Amino acid sequence: MLAKVYSMAVLGIDAFLIGIEADLSEMLPGLTIVGLPDGAVRESRERVMSAIKNCGFEFPNRKVTINMAPADMKKEGSGYDLPIAIGLLMASEQVKNIPLEAYIVLGELSLDGTVKPVKGVLAMAIKAREMGIKKMVVPSENAMEASVAEGVKIYPVHTLSEALEFFTGDSNIEPFTTDLSGLFNQARHYAIDFKDVKGQDHIKRALLVAAAGSHNILMVGPPGSGKTMLARRLPTILPDLSLDEALETTKIHSVAGLLDSNTPLLAIRPFRSPHHTISDAGLIGGGSYPRPGEVSLSHHGVLFLDELPEFSKNVLENLRQPLEDGKVTISRALMSLSYPARFMLAVALNPCPCGYYTDTRHKCSCKPEQIQKYMARISGPLLDRIDIHVEVPALTYDELSQKTSGQDSASLRKEVSRAREIQLSRFKSDRKLFCNAHMESRHIRKYCELNEDCQGLLKNAIEKLGLSARAYDRILKVARTVADIEGKEFIESAHISEAIQYRSLDRKLWMAN
Ligand SMILES: Nc1ncnc2c1ncn2[C@@H]1O[C@H](COP(=O)(O)OP(=O)(O)OP(=O)(O)O)[C@@H](O)[C@H]1O
Ligand SMILES: [Mg+2]
Ligand SMILES: [Zn+2]
């Protein structure tokens, strides 16, 4: 007989229904898989054959054809083992009367019939819910992750035999349930806080402004000045994630296979800090088994590039698309796929190769041309997309040993959220615009009008400080954010002055400091 089992595949971060048909014919015994299977799917043969035998069934003494539909979509990975095995046992009538149409089945099989976890289960469960499919049989390790989708009954299985007994009604499995809102509220806390950082009020303020307008930020300072420590705390002052945002970020981590079975929902904003040796595919996504890159793993959170000049030029060039579009598109042989990638970029670097150029307590051993060459590595298009630059000074012993701590993350987050609300209401009529950092020239003209005082101040700064032309728009956007933090409708001179301070790298004076 012909048996049909439904499973799912993931493309980008969305899942698709896959139909798996098993048919037997009177030809030489063997197993053929058709319907654009990749290497891992073809290897399914060996795993399925062994698993079936080791669970006490027989591999049919006839030719078995497995057809996977739709035929024009490449099937990848090892997650189809379980539905293939079940289809095959149905087709050979070793198990009967299984109501398979009602289920999505997924799981990799090991040779002894154990069901192993697969990637992207959350995306699949969300798709099943959208399609009105009510039941899924999943590897037990993926059960918690799948249950986050809510509305689909999740049946966890440990072995092929367990799955079969469940389908034939010989044993019962309780659907796995999760208290989603409980889980969400419980997991919403950060382990670190801004109050751990002593002194550095100027940098904390710059991070507050960056967070409030979603501006990318660059920190330059000597080793040990706390750049990494400060950057790590940036997600803690961004507005709380909504449940929908949390699900979206979780889906990406699920597709990348990065969720551990005890953390089914990422309820806090991600902070990703890839090493400078990262490859293009690692940062942007792609590869022979496409997976989301660091830009997507930081979706709704912060991507931190430490020691920026050490990253290859090519890798940095690749950041342009996600920084502009909030997503990455990856071209593949048969189709292209895209991953969301809307993140705040924070970068850090030393002021020179030895690190101590701006440190008053150490002598810098670099020659001017070395410093120039070092700084030149980060110039250009990437720098163009960073609105705020700050110099992080090394703290003195007295500052470090002081007991008082500054504002904590919760109160900073409140200020950020208030400023974000003002932006949302201002941009109501401009679809797709949510924060000051993403304003284009026409928005800047409309929303950042300057009175005469402000115009004079800005003109003066540009001429006297030798600020570059590209600094102009950035200063206006940041000034808008500062005004929003203060709840002011119009930009004032104090807001412009503050924004000018955040252009350290634009000042021609950098080399003559
Ligand atoms: N403002 C501060 N308050 C409290 N501790 C600090 C502060 N600044 C630095 N530290 C301490 O110094 C350590 C080093 O800081 P961090 O690694 O963030 O410096 P960095 O600027 O990133 O240095 P590098 O250039 O070497 O990467 C931190 O782990 C922290 O313990
Ligand atoms: Mg560091
Ligand atoms: Zn130096």
Side-chain angles (χ1 to χ4, degrees), residues 190-211 216-237 270-278 283 294 298 301-311 315-316 344-379 386 388-412 502 504-505 507 509-513:
Y190 292 91
I192 50 176
D193 196 287
F194 253 99
K195 68 171 190 277
D196 309 332
V197 184
K198 294 182 180 140
Q200 305 291 27
D201 291 342
H202 172 62
I203 316 299
K204 287 186 199 162
R205 170 75 185 181
L207 285 164
L208 166 71
V209 175
N216 299 323
I217 184 166
L218 174 148
M219 290 181 279
V220 54
S225 55
K227 303 181 293 294
T228 302
M229 186 185 193
L230 286 153
R232 281 196 175 283
R233 283 155 180 78
L234 184 53
T236 70
I237 61 169
F271 176 85
R272 305 287 304 180
S273 174
H275 191 255
H276 57 73
T277 52
I278 193 168
L283 187 69
E294 291 293 332
S298 13
V302 174
L303 176 67
F304 178 53
L305 303 182
D306 205 355
E307 304 180 46
L308 187 68
E310 305 293 331
F311 283 81
V315 163
L316 297 181
M344 265 184 72
L345 179 68
V347 305
L349 64 153
N350 292 335
C352 65
C354 86
Y356 294 111
Y357 180 53
T358 55
D359 192 337
T360 45
R361 295 167 310 160
H362 290 84
K363 197 167 156 32
C364 166
S365 57
C366 309
K367 298 202 183 82
E369 43 302 357
Q370 284 178 304
I371 302 180
Q372 219 149 24
K373 201 168 150 208
Y374 177 80
M375 295 306 280
R377 295 171 74 168
I378 56 150
S379 64
I386 300 181
I388 298 183
H389 313 156
V390 278
E391 247 182 77
V392 185
L395 281 193
T396 59
Y397 176 78
D398 285 349
E399 285 169 308
L400 266 178
S401 58
Q402 73 189 12
K403 293 240 161 52
T404 53
S405 55
Q407 250 183 309
D408 64 6
S409 294
S411 72
L412 289 164
Y502 299 140
S504 317
L505 287 200
R507 294 186 198 149
L509 304 176
W510 179 253
M511 292 296 302
N513 245 344

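Predicted model, so just to flag it, every value in this text is computed and none were measured. Indexing begins at 1, ligand by ligand and atom by atom, following the structure's order.
Contacts between V392 and ligand 1 below 4.0 angstrom, taking non-hydrogen atoms only, are absent altogether.
With hydrogens and angles disregarded, a donor-acceptor distance shorter than 3.5 Å links the side chain of R233 to the backbone of M229.
At the Zn ion (ligand 3), the vertex angle linking SG of C364 with SG of C366 is 110° (nearest 10 degrees). Vertex the Zn ion (ligand 3); arms to C354 SG and C352 SG; angle rounded to 10 degrees, 110°.
For a threshold of 3.5 Å applied to N or O pairs, the pair formed by Q200 and ligand 1 contains no separation below that value.
At a 4.0 Å cut-off, not a single heavy atom of L230 sits close enough to ligand 1 to count as contact. Using a 4.0 Å heavy-atom cutoff, G199 is absent from the residues neighbouring ligand 1. Under the 4.0 angstrom criterion for non-hydrogen atoms, G221 is not in contact with ligand 1.
Nearest protein neighbour of atom 1 (N) of ligand 1, counting heavy atoms only, is K198 O, 2.8 Å.
The Mg ion (ligand 2) has an N, O or S atom of T228 closer than 2.8 Å.
Atoms of ligand 1 lying under 4.0 Å from any heavy atom of M229, numbered from 1 in the order shown and given with element: 4 (C), 5 (N), 6 (C), 7 (C), 10 (N), 18 (O), 30 (C).
Between L283 and P274, the closest side-chain pair of non-hydrogen atoms falls below 4.5 Å.
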